[in-house]
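Read through the structure below, which is laid out as structure tokens, and then see the notes.
Both counts, for ligands and for their atoms, begin at 1 and track the order of listing. Computed from a predicted model, the values in this text were never measured in an experiment.
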Amino acid sequence: MKKLFGLLAILALCMAISAPIVSAKKKPFKIRFSHVVSENTPKGWGAKEFARRVNEELKGKVVVKVFPSSQLYGDNQAIEALAAGFIEMAAPSSAKFVGSVPALQLFDMPFLFKNIQTVHKTVDGEIGDEIRQMFVKRGLGIKLITFWDNAFKQFSCNVRPLIKPADFKGVKFRIMSSDILEAQMKALGGVGLKLPFSEVYNALEQGVVDGQENTASNIYTKKFYEVQKYMTFSNHGYLGYAVIMNQKFWDKLPKDIQASLSKILREVTEKVREKAVELDREQSALIRAYAKKSGKLEIFDLNAAQVKALQDAVAPVYNQFTDVVPPSWIKKIKSM
Ligand code: LMR
């Protein structure tokens with residue numbers, strides 16, 4: 001009997017000692033953040049900055065690992081992988097939500113946003129809230145956290161300089177998966193081919209497509225300019241991202257961690273806005289410098305009349321998607 005008591009006492013002591021050790025060794029929550037662009041872009045920078053801050057400030061509680069340049073998942077796959085819980089975070093461009101939250105194609109409407117401030121007013125205001133609600137209502141298992149900027153897009157191609165609508169006739173463009181972008185190209189007289197971002201360089205090089213539209217940072221960091229003869233700084237459409245998280249993963253995080261992550265993401269979003277402007281300026285200048293030095297790329301800037309002619313050509317697109325993008329949103333944004 002004495003022996004048994006002794007054993008029980010030892011056992012109790014072991015449990016008392018080991019319990020705090022076991023809880024102290026609780027594994028940190030792991031966030032895998034997958035995206036398709038280079039690190040030296042607004043999204044690449046934002047993902048890295050988010051990871052840096054979380055890994056520092058929530059050390060031992062949360063670990064973030066970023067997978068850039070389609071290393072883990074490309075484009076639309078990332079949304080499915082996130083919904084299924086294979087990754088915890090992603091930031092696909094609005095166009096990639098065509099199959100899940102089609103109203104996000106709002107951001108693909110050509111010449112809709114007057115400037116970047118208009119985009120910020122949109123995502124920070126009622127429209128942004130309505131989009132958040134759409135994610136909830138659709139029960140996708142995806143939580144929309146915030147919106148990150150890239151910049152306005154520019155056209156490039158190998159057939160001829162793209163100045164007036166007639167120049168787009170018959171030109172094949174790589175586009176993101178948005179139906180609005182397909183309609184935009186059609187309205188201009190061109191053809192839009194939906195291809196994943198990771199395939200754009202090869203598609204341009206091998207002539208699968210003649211041209212593309214993207215921001216200076218994507219064109220610069222993925223070297224699309226090397227396989228294009230003409231580039232037009234048209235600023236004809238916005239490119240931005242919905243930063244998303246797996247809903248179940250979010251729900252199981254303790255409240256204090258949720259609060260810290262939300263705070264970090266709010267602050268990183270502010271910084272991404274500044275960084276996006278800076279990178280757009282810098283990388284546009286680098287493309288222009290390459291054009292000048294190499295003589296292999298011709299660059300064009302549009303005057304007000306040329307912009308107006310392109311705007312008129314794409315105007316019919318606005319009436320083609322009234323069942324996808326609420327017309328009230330368009331009206332509101334136009335009046336901003
Ligand atoms: C594209 O496919 O061109 C972009 O969505 C890539 C990106 O994420 O910026």
Side-chain angles (χ1 to χ4, degrees), residues 33-48 50 66-82 87 89-102 104-110 116 119 144 146-157 172-182 184-185 192-205 208-209 211-225 227-228 231 234-244 269 272-273 275-277 279-280 283-284 287:
F33 190 149
S34 167
H35 68 79
V36 298
V37 292
S38 297
E39 292 192 314
N40 194 24
T41 58
K43 177 162 61 183
W45 186 89
K48 259 176 78 175
F50 169 69
V66 182
F67 298 88
S69 284
S70 311
Q71 272 171 22
L72 210 52
Y73 293 104
D75 287 336
N76 308 354
Q77 290 171 330
I79 299 177
E80 285 161 29
L82 183 137
I87 50 169
M89 266 181 95
S93 57
S94 50
K96 313 280 164 75
F97 290 88
V98 61
S100 46
V101 189
L104 265 185
Q105 290 174 96
L106 162 77
F107 297 99
D108 304 324
M109 278 291 183
I116 204 71
V119 175
L144 169 61
T146 185
F147 295 93
W148 283 353
D149 283 335
N150 187 320
F152 287 92
K153 293 174 291 182
Q154 322 299 349
F155 284 120
S156 68
C157 95
K172 258 191 279 166
F173 290 91
R174 177 271 169 170
I175 51 165
M176 294 179 271
S177 42
S178 155
D179 295 337
I180 290 187
L181 296 178
E182 196 172 29
Q184 165 198 280
M185 291 310 186
L193 197 66
K194 294 177 181 178
L195 285 178
F197 185 62
S198 55
E199 290 175 23
V200 181
Y201 185 95
N202 285 345
L204 291 169
E205 192 184 31
V208 175
V209 288
Q212 62 86 47
E213 51 153 27
N214 223 311
T215 60
S217 75
N218 280 344
I219 294 172
Y220 181 72
T221 54
K222 291 295 178 195
K223 297 186 167 33
F224 299 159
Y225 61 90
V227 283
Q228 294 281 264
M231 179 166 166
S234 46
N235 293 310
H236 61 278
Y238 169 76
L239 176 64
Y241 309 106
V243 182
I244 52 174
T269 297
V272 167
R273 287 183 178 181
K275 191 75 188 169
V277 173
L279 285 174
D280 188 51
Q283 291 166 328
S284 298
I287 297 170

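At a heavy-atom cutoff of 4.0 Å, ligand 1 is contacted by the side chain of R174 but not by its backbone. Of the heavy atoms in N218, only side-chain atoms (C-beta onward) come closer than 4.0 Å to ligand 1. Of all the heavy atoms of N214, the ones lying under 4.0 Å from any atom of ligand 1 belong exclusively to the side chain. The part of L239 lying near ligand 1 is the side chain, judged by heavy-atom distances below 4.0 Å. At a 4.0 Å heavy-atom cut-off, ligand 1 touches K43 through the side chain alone.
Exactly one residue among Q105, E182, K153 makes a side chain to side chain contact (heavy atoms under 4.5 Å, CB included) with M176. That residue is K153. No option in D149, T146, N150 other than N150 meets the side chain to side chain donor-acceptor pair (under 3.5 Å) test with Y241. The side chain to side chain contact (heavy atoms under 4.5 Å, CB included) with T215 is formed by just one residue from the set L279, V37, L239; it is L239.
Relative orientation of the F155 and H236 rings is parallel, given thresholds of 30° and 60° on the angle between their planes. Taking the six-membered ring for Trp and thresholds of 30 and 60 degrees, Y238 and F107 have ring planes inclined between 30 and 60 degrees apart.
Of all atoms in ligand 1, listed by their number and element, those nearer than 4.0 Å to a heavy atom of S93 are 5 (O). Numbered from 1 in the order shown, with element, the atoms of ligand 1 that lie under 4.0 Å from a heavy atom of V37 read 6 (C), 7 (C), 8 (O), 9 (O). The ligand atoms of ligand 1 that sit less than 4.0 angstrom from a heavy atom of M176 are 1 (C), 2 (O), 3 (O), 4 (C), 5 (O).
Using a 4.0 Å cut-off between a side-chain N of Lys or Arg and a carboxylate O of Asp or Glu, K194 and D179 qualify as a salt bridge.
Summary of contacts: the protein heavy atom closest to atom 9 (O) of ligand 1 is Y241 OH, 2.4 Å.
Distances shorter than 4.0 angstrom do not occur between any heavy atom of H35 and any atom of ligand 1.
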- [ ] Apply side chain to side chain donor-acceptor pair (under 3.5 Å) to N235 and Q154, showing your working.
- [x] CA-CA 5 Å; N235 293 310; Q154 322 299 349; 2.8 Å; yes

